[in-house]
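Each remark here refers to the structure printed beneath this line.
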Amino acid sequence: MKMLVVDTEREEALNLQIEFEWVLRQEVHAILKQLRTILVECAHRFPVPLYDNEGKKTEKFILSVSPDQLKAVLTLTGDAITQADISFKLCKAPSQTQRTSITHDSPWKLQQVQDAANHLQTAINHIDDVDDSYHFKTSDEVLHVIGNILDALQRGRNSLLVPKKKPIEELIKGRNMKSLVPNLPEDLAVSFYLQSHKLIIAVYQLLNNQGTMQFDSRQAEIGVQWLNDVLLLLMNGQKLCQQLKDKISVFSVYKDFTVGSRSPSALSY
């Protein structure tokens, strides 16, 4: 009976080794190819030059908060706002309308778009670094590649999902504020940013409340279709990576598995 159990264990171990070799030689490359297709499609949705994508796509948007609290009519070209007419009212002077604009001479840069595109490019590069004829030998090799791809994809998504927060003082002195014509008073700041699938404009005003500095704000937003598409494709890429990672992790228990070996020494009989 003991010998039968040992033989069964050896047979199971051998079958597991055979499956492991097949996954490393065949399935990993097939999934990387599928993943690359998804990510290149994602690259084509970006409004900037990336993987034969011409970029510089131009869209017009109207962001507003009624009644006449905030309105921005703008043109988004690539990763920059190239034209905008902005008007708003704040609590400090509710009857007064502030107006400013952005012109083609000094566009407002949306750094989040280029950051996300750069991380996507990095993820695709990690795939391209793996030669089609390369034979993975251990689960650690695969997990290393998948880990690098997942990290790049997560950074790309975070660039669009989680805009960097800045103190109002930093916003007021920011480079993009110089794009506004005419310039706003020193207690006012405008901010354009992306959050998830939305383009957002926020207007802030510093207030001195009995010696305590506070701020009043207005915000308007609008959905952007290509952002929604990009985030969905990035998520699909992450899911595919995670599925492969989970499958490979099953084999990672047997650290001494190598392609061509028929006696996985990490197993005890």
Side-chain angles (χ1 to χ4, degrees), residues 45-50 53-118 156 158-207 215-231:
R45 303 301 176 95
F46 271 82
V48 294
L50 192 65
N53 173 22
E54 294 180 359
K56 298 302 180 184
K57 178 181 179 182
T58 297
E59 297 178 281
K60 295 184 180 295
F61 298 99
I62 299 177
L63 295 74
S64 63
V65 178
S66 299
D68 301 326
Q69 298 298 307
L70 171 60
K71 185 175 183 179
V73 181
L74 61 87
T75 300
L76 180 62
T77 304
D79 61 347
I81 297 169
T82 52
Q83 186 279 329
D85 293 313
I86 306 164
S87 61
F88 57 91
K89 296 178 181 179
L90 293 171
C91 291
K92 187 176 181 180
S95 62
Q96 181 181 357
T97 300
Q98 292 277 353
R99 300 182 187 278
T100 188
S101 64
I102 297 171
T103 67
H104 292 279
D105 296 333
S106 184
W108 183 294
K109 181 81 169 179
L110 290 172
Q111 187 61 42
Q112 289 170 268
V113 177
Q114 190 60 60
D115 288 345
N118 290 343
N158 285 345
S159 297
L160 302 174
L161 293 173
V162 188
K164 295 178 181 178
K165 294 184 177 181
K166 298 180 181 179
I168 187 172
E169 294 82 4
E170 185 176 342
L171 289 175
I172 290 174
K173 298 177 181 178
R175 178 183 60 186
N176 276 329
M177 286 292 291
K178 298 177 182 178
S179 297
L180 299 177
V181 181
N183 293 330
L184 294 176
E186 293 185 356
D187 62 341
L188 292 175
V190 171
S191 178
F192 285 98
Y193 59 92
L194 306 175
Q195 188 166 27
S196 186
H197 64 284
K198 297 176 181 178
L199 171 63
I200 298 172
I201 178 176
V203 180
Y204 305 95
Q205 183 171 36
L206 275 174
L207 302 172
F215 66 87
D216 177 33
S217 66
R218 294 285 185 272
Q219 180 176 305
E221 61 187 37
I222 193 168
V224 180
Q225 183 59 49
W226 70 261
L227 275 172
N228 189 70
D229 295 342
V230 162
L231 288 169

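The chain is numbered in sequence order, starting from 1. Treat the numbers as computed from the prediction; the structure is a model and nothing was measured.
- Rounded to the nearest 0.5 Å, atoms CD (Gln114) and CZ (Phe46) are 9.0 Å apart.
- Ring orientation note: the planes of Trp108 and Phe192 are nearly perpendicular, at an angle over 60° on the 30°/60° scale.
- Proximity of Val203 to Leu184: side-chain heavy atoms (C-beta onward) are nowhere separated by under 4.5 Å.
- Atom-to-atom distance recorded for Asp115:CG and Leu110:CG is 10.5 Å, nearest 0.5 angstrom.
- Here the side chain of Thr97 pairs no donor or acceptor atom with the backbone of Lys89 at under 3.5 angstrom.
- Considering every non-hydrogen atom in both Ile172 and Leu188, the closest pair reads CG1-O, 3.7 Å.
- Between Leu227 atom CG and Leu160 atom CG the span is 6.0 Å, to the nearest 0.5 Å.
- Taking all atoms of both residues into account, the shortest heavy-atom contact from Pro107 to Ala80 is CB-CB, 4.1 Å.
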**Request:** Carefully, step by step, assess Ile86 and Leu180 under the rule side chain to side chain contact (heavy atoms under 4.5 Å, CB included).
**Result:** CA-CA 9 Å; Ile86 306 164; Leu180 299 177; 4.2 Å; yes
**Request:** Dump the intermediate steps for side chain to side chain contact (heavy atoms under 4.5 Å, CB included) on Leu74 and Ile201, then the final yes or no.
**Result:** CA-CA 11 Å; Leu74 61 87; Ile201 178 176; 5.9 Å; no
**Message:** Walk me through whether Ile222 and Ile62 qualify under side chain to side chain contact (heavy atoms under 4.5 Å, CB included).
**Reply:** CA-CA 8 Å; Ile222 193 168; Ile62 299 177; 5.7 Å; no
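- Residues Pro185 and Gln98 are in side-chain contact: their nearest non-hydrogen atoms beyond the backbone lie under 4.5 Å apart.
- The minimum heavy-atom distance linking Ala117 with Val48 is given by the pair CB-CG2, 4.0 Å.
- Side-chain atoms of Ile81 and Phe61, non-hydrogen and from C-beta on, never get closer than 4.5 Å to each other.
- For Glu221 (side chain) and Lys198 (main-chain N/O), no donor-acceptor pair under 3.5 Å exists by modelled atom type.
- Between Asp105 and Val181 the shortest side-chain heavy-atom distance does not fall below 4.5 Å.
- For Asp68, the CG atom sits in a loose shell: 12 or fewer heavy atoms of surrounding residues, nucleotides or ligands are nearer than 6.0 Å.
- Note that NZ of Lys60 is 7.5 Å distant from OG1 of Thr77, once rounded to the nearest 0.5 Å.
- Considering every non-hydrogen atom in both Arg45 and Trp226, the closest pair reads O-CB, 3.6 Å.
- Counting heavy-atom neighbours within 6.0 Å of Lys109 NZ, excluding the residue itself, gives a total above 12.
- Taken from NZ in Lys178 to CG in Asn183, the straight-line distance is 10.0 Å, to the nearest 0.5 Å.
- Note that OG of Ser217 is 10.0 Å distant from CG of Leu207, once rounded to the nearest 0.5 Å.
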